[in-house]
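What follows is a single structure, written as structure tokens, with notes after it.
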Amino acid sequence: MEKKELIEKASAHLQLLCVEIGERRVGSEENRRATAYAEKVLKALGWETDTTELSVIDWHTDGATLSCNGQGFEVLSSHYSLGCSVTDKLVAINKVEQLETTNIQEKIVLLHGEIAAQQIAPKNFPFWNPEEHQHLTALLEKGNPKALVCATERNAATAGGVYPFPLFEDGDFDIPSVYMKDTEGEKLLTCAGETVTLVSQATRIPETAFNVIGRNSSRKKERIVITAHIDSKIGTPGAIDNGTGVTILLLLAELLKDFSGDHPIELVVLNGEDYYGAPGQVKYIEQNEGRFSDILLNINIDGAGYKEGISCFSPFGLSDDMLDALHEILWDSPELVEGLPWFQGDHSVFLQQGCPAIAVSSQWFIEHMETQELTHTSKDNLGVVNFERVAECALGIAAFIGKL
Ligand SMILES: [Zn+2]
């Protein structure tokens with residue numbers, strides 16, 4: 001297929017995913033519309049499809065307020081937190097050691113400074129869960145406060161471009177919490193020891209979401225698994241993260257529909273990379289228990305198609321043959337380069353199971369991961385996408401697969 005035609009198709013998929021549908025948080029109607037669309041496209045191109053239902057929670061808030069002696073403070077409900085309406089003494093904590101020795105029973109706790117510097121891994125997040133984080137959540141649960149107020153600064157490394165960021169974004173953590181800017185937190189510090197009233201009108205709603213898999217063959221040979229997550233964070237249309245990834249996967253459905261190489265292809269639309277429990281990833285692992293050794297290679301697409309710079313393919317544990325094939329493709333395509341390793345994506349699921357993988361992304365993002373202020377914000381929209389880059393990634397992956 002001509003590149004021009006592919007660019008037009010990319011534009012149509014992205015228009016639907018990121019403009020007509022928009023935010024695709026797990027559990028939302030929009031998320032289900034997006035997976036239904038992916039399924040429809042795969043089916044129309046002749047792929048055998050398989051959808052798996054996931055039990056998840058959706059979440060909604062009508063806002064939050066905090067006041068002390070008649071003075072109001074700007075707060076936001078922490079995503080996926082329970083709501084609350086509480087009045088009690090405010091205790092300010094800025095270090096873990098202080099939390100270990102302070103009685104916070106039935107208090108409202110302001111977490112600020114060092115203790116609130118980094119987003120805390122969700123309690124049951126299976127792929128990344130530092131001990132310090134588990135220690136902190138355990139201390140808080142044992143301390144049994146009425147609610148938490150978290151004052152956070154900018155931290156692109158763990159929260160993308162979101163400022164302030166919710167310190168807790170965890171539907172399994174049941175202490176109600178809100179978050180605010182660090183500068184607002186400094187003002188609130190003057191109320192430590194006094195009585196404050198906190199209301200957060202948030203609710204959790206049991207819902208469903210789906211993984212969608214397309215297959216082109218039931219042959220037993222080792223399969224090539226191509227993955228892209230379809231969910232977005234709350235508050236973003238998720239263009240680079242990861243409307244472009246899903247679009248490239250759908251373009252591959254077209255480019256590979258008549259592919260008759262040795263290895264079966266599995267196209268996997270995953271749901272939950274940007275969600276606290278990674279339900280789609282966990283389900284996929286469960287469904288493939290004992291079958292990861294049948295996977296020749298995972299190709300995961302996340303963060304591709306950024307307007308600045310070119311695309312990069314980062315190899316992980318490839319055999320010499322596969323690496324040679326990749327180098328040939330990169331050699332022929334000046335707009336694709338070999339990328340450095342990075343791990344904040346679904347290829348890590350496959351790496352942890354011992355599979356080789358290639359992560360496809362934008363070079364600019366890999367190089368600016370710790371400083372960029374785009375990810376997970378409303379700025380991640382079609383205005384920052386280069387459709388040509390999207391088409392080139394699809395062509396590069398298809399050419400690479402043709403060589404295996
Ligand atoms: Zn992503």
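In each ligand, atom 1 is the first atom listed, and ligand 1 is the first ligand listed. This is a predicted model, so every value here is computed, not measured.
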Aromatic ring proximity F350/F316, centre distance under 6.0 Å: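 Ring-ring flag for F350/F316: false, centres at least 6.0 Å apart.
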Minimum side-chain heavy-atom gap L6-L255 below 4.5 Å: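 Yes, close enough: below the 4.5 Å cut-off.
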Distance-only side-chain donor-acceptor flag, E186 / H112, under 3.5 Å: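 No, no side-chain donor-acceptor pair sits under 3.5 Å.
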Distance-only donor-acceptor check, side chains Q119 and N155, under 3.5 Å: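 Checked: Q119/N155 side chains show no N/O donor-acceptor pair below 3.5 Å.
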Where at least one partner belongs to residues 312-336, residue pairs that pass salt bridge (charged side-chain N to carboxylate O under 4.0 Å, His left out), sequence neighbours excluded: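 Every pair satisfying salt bridge (charged side-chain N to carboxylate O under 4.0 Å, His left out) with a residue in residues 312-336: E328-K403.
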NZ/NE/NH1/NH2 to OD/OE distance under 4.0 Å, K4 and E2: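 Salt bridge flag = no for E2 with K4.
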Protein N, O or S atoms under 2.8 Å from the Zn ion (ligand 1):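 For the Zn ion (ligand 1), the figure is 4.
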